[in-house]
There are 2 protein chains.
Amino acid sequence: MKIQAYDISRQASAATLIFDAIRQAILNGDLTQGEPLRQEDIARAFNVSRVPVREALLKLEQHGLITSQRYKGAVVAGLSLEEANEIFEFRALLEPEIIRRAVPHMSPEIMEAAANCCEAFGRADDPMQWGDLNRRFHKTLYAPSGLAYHMEMLDKAMDRIDPYLRAQLLLSEGMQRANREHLMIVDACKSGKADTAADLTRQHILGAQESLSRYWKK
Amino acid sequence: MKIQAYDISRQASAATLIFDAIRQAILNGDLTQGEPLRQEDIARAFNVSRVPVREALLKLEQHGLITSQRYKGAVVAGLSLEEANEIFEFRALLEPEIIRRAVPHMSPEIMEAAANCCEAFGRADDPMQWGDLNRRFHKTLYAPSGLAYHMEMLDKAMDRIDPYLRAQLLLSEGMQRANREHLMIVDACKSGKADTAADLTRQHILGAQESLSRYWKK
DNA sequence: GTATTGTATATTGTATCCAATTTTAGAATC
DNA sequence: GATTCTAAAATTGGATACAATATACAATAC
């Protein structure tokens with residue numbers, strides 16, 4: 001085969017493209033809590049009928065990013081501080097276990113990639129990138145755990161609190177602290193200390209939760 | 001208000017009814033791994049068009065109960081023993097923490113209800129009920145935790161391994177052992193020993209996982 | 001006989017249309 | 001002027017019609 005081929009059956013459907021676009025808009029904060037999502041408007045914007053739009057909205061609802069009521073339509077879901085706190089606790093339960101299981105299988109390449117994320121994270125000037133780089137960093141380290149289901153659940157949880165995470169990173173110390181802690185986690189991984197990495201990860205998460213709560217109250 | 005009223009705006013849509021029916025069929029084992037789910041067939045069976053059927057299939061896919069490919073259709077998802085094991089570990093992470101947080105808020109009514117589940121569980125002769133009663137028992141105890149998100153994730157996880165759970169309960173010792181351990185958990189809750197309840201729950205789950213793995217290999 | 005290509009059928013994805021329900025604006029009443 | 005009823009507009013849920021793709025099988029070439 002002389003042709004540079006690829007699996008075109010993997011082409012995204014209209015519904016998938018719309019889902020991704022709206023999800024991104026919510027995570028970026030372009031769509032905020034309570035914003036109504038009219039099927040007709042979205043369909044016009046994407047130049048499609050309402051059918052794939054409905055499909056996208058259904059998926060968004062399953063992800064918890066929007067809530068919808070019969071005959072009333074969908075709005076961007078809100079997340080109270082209490083709910084966000086619960087999701088932080090969910091993370092604090094999952095992530096230490098994931099990294100503990102990942103450390104024994106971490107290749108030098110993985111740690112290299114994680115370190116690169118760290119570096120890019122420290123260097124990035126656009127606050128909009130911080131959230132993405134942060135998530136990529138953690139995801140890279142977690143991949144060798146083999147805990148696909150855990151990571152899937154974690155990913156959904158991260159989507160849910162994404163706006164809060166970005167807010168937390170925007171806090172004056174949030175960004176520096178995260179970077180410092182990331183480096184410590186990478187160090188623990190490099191020296192194969194699984195339990196240490198797990199502890200640091202747990203503190204990393206609970207620390208972010210705490211600083212967010214403190215900021216949100218005032 | 002003398003009338004037994006309910007929120008009729010909460011009436012289920014056709015899609016929801018279809019979702020519930022197919023979900024139940026999968027959990028009961030009436031639909032097994034790889035079984036194709038044709039939109040047209042399902043639509044005919046429920047006397048609706050394919051639109052609500054597609055909606056139901058989307059939800060089932062998000063729940064991980066089916067997998068679907070563009071233009072190829074959906075089939076009932078399979079779950080390897082490895083994947084099932086991971087979900088047991090997911091449970092072993094979540095449930096102890098949930099019950100630990102629930103114990104301090106457990107009312108006598110809750111414990112009564114849980115004990116009733118236990119009793120019904122021990123008395124039920126139809127193996128088909130065991131799985132349901134088992135889940136109801138745990139759900140009852142977990143409710144006071146206030147960890148709605150955790151419980152939502154747990155519920156999806158339980159759906160995913162439901163057939164395995166039923167198989168495990170069918171093992172000669174599975175049912176008796178579960179019942180014995182349930183009673184111990186209730187006891188710990190009654191005496192307010194949150195950590196003990198958590199430990200027992202963890203062992204309850206890991207024990208089930210282990211007995212299932214042992215059975216499945218041979 | 002085997003491999004390739006064309007064709008028919010089945011199935012899913014999307015568009016368009018109709019029905020059910022909610023929301024809104026205005027008229028009627030007090 | 002405020003409130004309640006009413007009708008129309010807006011919006012979503014579902015049905016039908018059509019387009020895109022996959023699968024199975026016949027037709028053809030070698």
Side-chain angles (χ1 to χ4, degrees), chain A residues 1-3 5-23 25-26 31-78, chain B residues 5-23 25-26 31-77:
Chain A
M1 178 65 71
K2 298 283 199 316
I3 305 165
Y6 60 99
D7 186 352
I8 65 173
S9 80
R10 292 262 168 198
Q11 271 179 143
S13 65
T16 304
L17 295 172
I18 297 168
F19 168 82
D20 288 338
I22 299 180
R23 168 176 173 272
I26 294 175
L31 293 174
T32 56
Q33 171 171 5
E35 181 93 15
L37 299 167
R38 304 260 169 251
Q39 299 177 2
E40 184 69 39
D41 295 347
I42 299 170
R44 242 199 319 277
F46 285 91
N47 196 33
V48 294
S49 80
R50 274 169 44 221
V51 176
V53 173
R54 289 178 51 173
E55 197 171 316
L57 292 180
L58 268 172
K59 282 176 75 174
L60 288 164
E61 189 179 5
Q62 299 296 315
H63 278 250
L65 292 175
I66 69 173
T67 61
S68 80
Q69 278 186 294
R70 195 172 159 78
Y71 293 118
K72 289 189 178 173
V75 297
V76 176
Chain B
Y6 61 99
D7 186 350
I8 63 170
S9 77
R10 292 258 169 198
Q11 270 179 142
S13 63
T16 306
L17 296 172
I18 297 169
F19 168 82
D20 288 337
I22 299 181
R23 168 177 172 272
I26 294 175
L31 293 173
T32 56
Q33 170 171 4
E35 181 91 15
L37 299 167
R38 306 260 170 251
Q39 299 177 3
E40 184 72 38
D41 295 347
I42 299 170
R44 242 199 319 276
F46 284 91
N47 197 31
V48 294
S49 80
R50 276 168 41 220
V51 177
V53 172
R54 291 172 55 95
E55 198 170 317
L57 292 180
L58 264 174
K59 282 176 76 176
L60 288 164
E61 189 179 5
Q62 299 296 315
H63 277 250
L65 292 176
I66 69 174
T67 60
S68 80
Q69 277 187 296
R70 193 167 157 76
Y71 293 118
K72 288 189 180 174
V75 297
V76 176

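Below, chain A is the first sequence line, B the second, and so on; all start at residue 1.
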Margin query: Over all strands shown, is B:Arg38 touching base, sugar-phosphate only, or nothing at heavy-atom distances under 4.0 angstrom?
Written below: sugar-phosphate
Note to self: Base, sugar-phosphate or nothing for B:Leu37? Non-hydrogen atoms, less than 4.0 Å.
What the structure shows: sugar-phosphate
Between [atom2] on [N] and [atom1] on [X], what's the gap in Å once rounded to a whole number?
X: A:Gln39; N: C:dC18; atom1: CD; atom2: C1'; result: 15 Å
X: A:Ile18; N: C:dA15; atom1: CD1; atom2: P; result: 8 Å
X: A:Arg54; N: C:dG13; atom1: CZ; atom2: C1'; result: 14 Å
X: B:Glu55; N: C:dT12; atom1: CD; atom2: P; result: 17 Å
X: A:Phe19; N: C:dG13; atom1: CZ; atom2: C1'; result: 18 Å
X: B:Tyr71; N: C:dT9; atom1: OH; atom2: C1'; result: 17 Å
X: B:Leu58; N: D:dG13; atom1: CG; atom2: P; result: 14 Å
X: B:Arg50; N: C:dT11; atom1: CZ; atom2: P; result: 10 Å

Next item on the list: With B:Ile66 as reference, evaluate B:Leu57, B:Leu31, B:Val75 under the side-chain contact (heavy atoms from CB on, under 4.5 Å) test and give the passing residue.
Entry: B:Leu57
Margin query: I need the A:Arg23 CZ to A:Leu65 CG distance, nearest 0.5 Å.
Written below: 7.5 Å
Margin query: Let's go through B:Val48 and B:Val53 carefully: what are the C-alpha distance in whole Å and the side-chain angles of both, what is the deciding distance for side-chain contact (heavy atoms from CB on, under 4.5 Å) to 0.1 Å, and is it a yes or a no?
Written below: CA-CA 8 Å; B:Val48 294; B:Val53 172; 4.1 Å; yes
Note to self: For A:Thr16 versus A:Lys59, what's the shortest heavy-atom pair and its separation?
What the structure shows: OG1-NZ, 4.2 Å
Notebook entry, point to check: B:Ser13 has a side chain; which of D:dA15, C:dT12, D:dG13 sits nearest to it?
Noted result: D:dG13
